[in-house]
Amino acid sequence: MSEFLDQIFVLCKRWVLSWPGWPESVKPVLSILLSIVPIMIVFASFFAVVTVLERKGLGRIQNRYGPNRVGPYGFLQFAADGIKALTKEDVVPRAADHLIHFLAPVILIVPVFLAYSVLPFGRNMVPIDLDAGVLFFFAVGAATELAVFMAGWSSRNKYSLLGAMRAIAQMVSYEVPLILSSVTVIMMVGSLSTVKIVAAQGDYSGHLAHWHIFTPWGFAGFVLFLIAAMAESNRSPFDLPEGESEIVAGYFLEYSGFKFALFFLAEYLGMFAVSGMAITLFLGGWTAPLEFLTWVPSWLWFFSKVVALIFLFIWVRGTVPRLRMDQLMNFAWKFMLPMALVNIVDAGLWRFLTPGLERWVICSAVIVVPYVLLGRGLAGGQRYAKRTYRYAE
């Protein structure tokens, strides 16, 4: 029974393709559609639910009400927002480049959906098993920077252009440690295939999985990847491109209606995609953390991990204040990049040292010492006193 539940979606696809009425020329196209359409439906629905849960979660963190009017407990708020976006007037500046202005949100969302094609959502559930799947993921993700520039430049608005420049500077800066943090996994596995990376973490020792996060270099790489992913996804505290108090609304200032909703959708879909890649690289993909839990369907493990990371993103957004632009760039180039390079060296030491306590001590020290030194250097010798809060009588 557990095997059937684990492969239920694969079996359903095979069952549909086995219908005798399909011409042979149609089956390849139908197979592609049966892989693409469910992904688009599932993650678009996930986006709708997460927007409500995030607003409720932030309301709880900030001691206020979240959505509580539309539908039971406010859980149909996403439907009201969607209807509003579809019916709202599409206002385009007179001086804008109308074609580029229209294409920017479309070009932004297409690479995000392409990134899902190499993520293994479960056992035998990867849409495309590429030998260079990780490389493909980062390559298509780089196209989002072009779309951001198109949106800012085509609007003919100085605030939009400034927001686009800030966004591109941020994305390029954090893309470097994002990729370097994944290099350690590629080195240890010896492959760029996402399927092989998950398979390399599928063994168990003492009922505990061989996930990369359970090593010093894997834990450091996961933290670096997650921080860089937040910056790449334009999530707080790295949401400088849309700093409302400084540049109004960033590169999508001149967008309204459904076009604005596409930017919003692309941000969340990008967050889901990088969460899926983080899970694939460091958290074992669809594998179970403990051997006696392997009876749980593999796709359920994958989506459970995605939900956990999304909860972490929401928690950080509700508790960590926004950085200044100089702090953002200094953190990327003076801390994240050196730590990512140190982590590559640490992974090499882990590979060639003899397994045992000595390897753990040495590899942990290689991570902790630069972390402390770089952290002190980034702080610049500043001392932070304990805050004293005073309330009005």
Side-chain angles (χ1 to χ4, degrees), residues 3 6-7 9-10 13-14 31-32 35-36 39 111 113-142 177-205 207-222 224-226 228-229 272-291 293-294 296-306 309 340 343-352 355 363:
E3 183 68 22
D6 184 57
Q7 298 294 296
F9 299 109
V10 177
K13 179 180 177 180
R14 292 176 181 173
S31 177
I32 294 173
S35 297
I36 294 175
I39 291 175
F113 276 117
L114 287 174
Y116 288 106
S117 62
V118 293
L119 293 179
F121 302 106
R123 187 180 288 106
N124 303 322
M125 288 178 61
V126 57
I128 305 175
D129 183 10
L130 294 178
D131 291 334
V134 178
L135 180 62
F136 177 84
F137 181 90
F138 291 121
V140 297
L178 182 74
I179 296 174
L180 288 179
S181 60
S182 65
V183 168
T184 55
V185 175
I186 297 168
M187 288 170 50
M188 300 301 286
V189 177
S191 175
L192 285 163
S193 170
T194 54
V195 175
K196 292 181 180 178
I197 289 173
V198 173
Q201 304 174 74
D203 296 330
Y204 295 88
S205 294
H207 299 290
L208 185 65
H210 289 182
W211 291 0
H212 293 141
I213 196 174
F214 296 142
T215 61
W217 59 267
F219 180 78
F222 175 71
L224 292 171
F225 189 96
L226 213 58
F272 301 155
V274 293
S275 297
M277 181 53 69
I279 291 165
T280 300
L281 294 174
F282 301 101
L283 298 180
W286 45 261
T287 61
L290 300 172
E291 189 173 11
L293 294 175
T294 53
V296 179
S298 57
W299 50 268
L300 186 58
W301 276 120
F302 181 88
F303 283 99
S304 298
K305 296 172 187 177
V306 171
L309 290 186
N343 198 43
I344 293 176
V345 176
D346 191 58
L349 289 174
W350 180 271
R351 172 67 177 80
F352 292 106
C363 291

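The closest side-chain heavy-atom distance from Phe136 to Ile128 is not below 4.5 Å. With a 4.5 Å cut-off on side-chain heavy atoms, Val198 and Thr194 do not count as touching. For the pair Leu283/Phe222, a side-chain contact is recorded, criterion being any heavy-atom separation below 4.5 Å from C-beta on. Contact check for His212 versus Val189: side-chain heavy atoms found under the 4.5 Å cut-off. Taking 4.5 Å as the limit, some side-chain heavy atom of Ile344 sits within range of a side-chain heavy atom of Leu180. Within the 4.5 Å cutoff, no side-chain heavy atoms of Met187 are placed close to those of Arg351. Here the side chains of Gln7 and Asn124 are in contact, with some heavy-atom distance below 4.5 Å. Using a 4.5 Å cut-off on side-chain heavy atoms (C-beta onward), Ser205 and His210 make contact.
Side chain of Gln201 to backbone of Trp211: no donor-acceptor contact under 3.5 angstrom is found. Looking only at distances, no side-chain donor or acceptor of Tyr116 sits under 3.5 Å from a matching main-chain atom of Phe272. A donor-acceptor contact shorter than 3.5 Å is absent between the side chain of Ser117 and the backbone of Pro127. Between the side chain of Asp131 and the backbone N or O of Ser193 there is no donor-acceptor pair closer than 3.5 Å. The backbone N or O of Trp217 lies less than 3.5 Å from a partner atom in the side chain of Asn343, making a donor-acceptor pair.
With rounding to the nearest 0.5 Å, the separation of NZ in Lys305 from OG in Ser275 is 13.0 Å. Taking CG of Leu226 as the start and CG of Leu309 as the end, the distance is 6.0 Å to the nearest 0.5 Å. Separating the OG atom in Ser298 from the CG atom in Asp6 is a distance of 3.5 Å, to the nearest 0.5 Å. Interatomic distance, Ile213 CD1 to Phe219 CZ, rounded to the nearest 0.5 Å: 6.5 Å. Here the straight-line distance linking atom CD1 of Ile186 with atom CG of Leu192 works out to 4.5 Å at 0.5 Å rounding. To the nearest 0.5 Å, atoms CZ (Phe225) and CG (Leu178) are separated by 4.5 Å.
There is a side-chain donor-acceptor pair under 3.5 Å between Lys13 and Ser35.
Between Ser182 and Leu281, the closest heavy-atom pair is CB-CD1, 3.6 Å. In plain terms, the two heavy atoms of Phe282 and Gly218 that are nearest each other are CD2-O, 3.5 Å. Closest of all the heavy-atom pairs between Ser181 and Thr184 is O-OG1, 2.9 Å. The two atoms that bring Ala288 and Trp301 nearest to each other are CB-NE1, 3.4 Å, heavy atoms only. Counting all heavy atoms, side chain and backbone alike, Leu119 lies closest to Gly276 at CD2-C, 4.0 Å.
Aromatic rings from Phe121 and Trp286 are positioned such that their centres are separated by 6.0 Å or more. Remark: aromatic rings of Trp299 and Phe302 are distant, center separation not under 6.0 Å.
Looking at Val118, Ile197, Thr280 one by one, the single match for side chain to side chain contact (heavy atoms under 4.5 Å, CB included) with Val134 turns out to be Ile197.
For Lys196, the NZ atom sits in a loose shell: 12 or fewer heavy atoms of surrounding residues, nucleotides or ligands are nearer than 6.0 Å.
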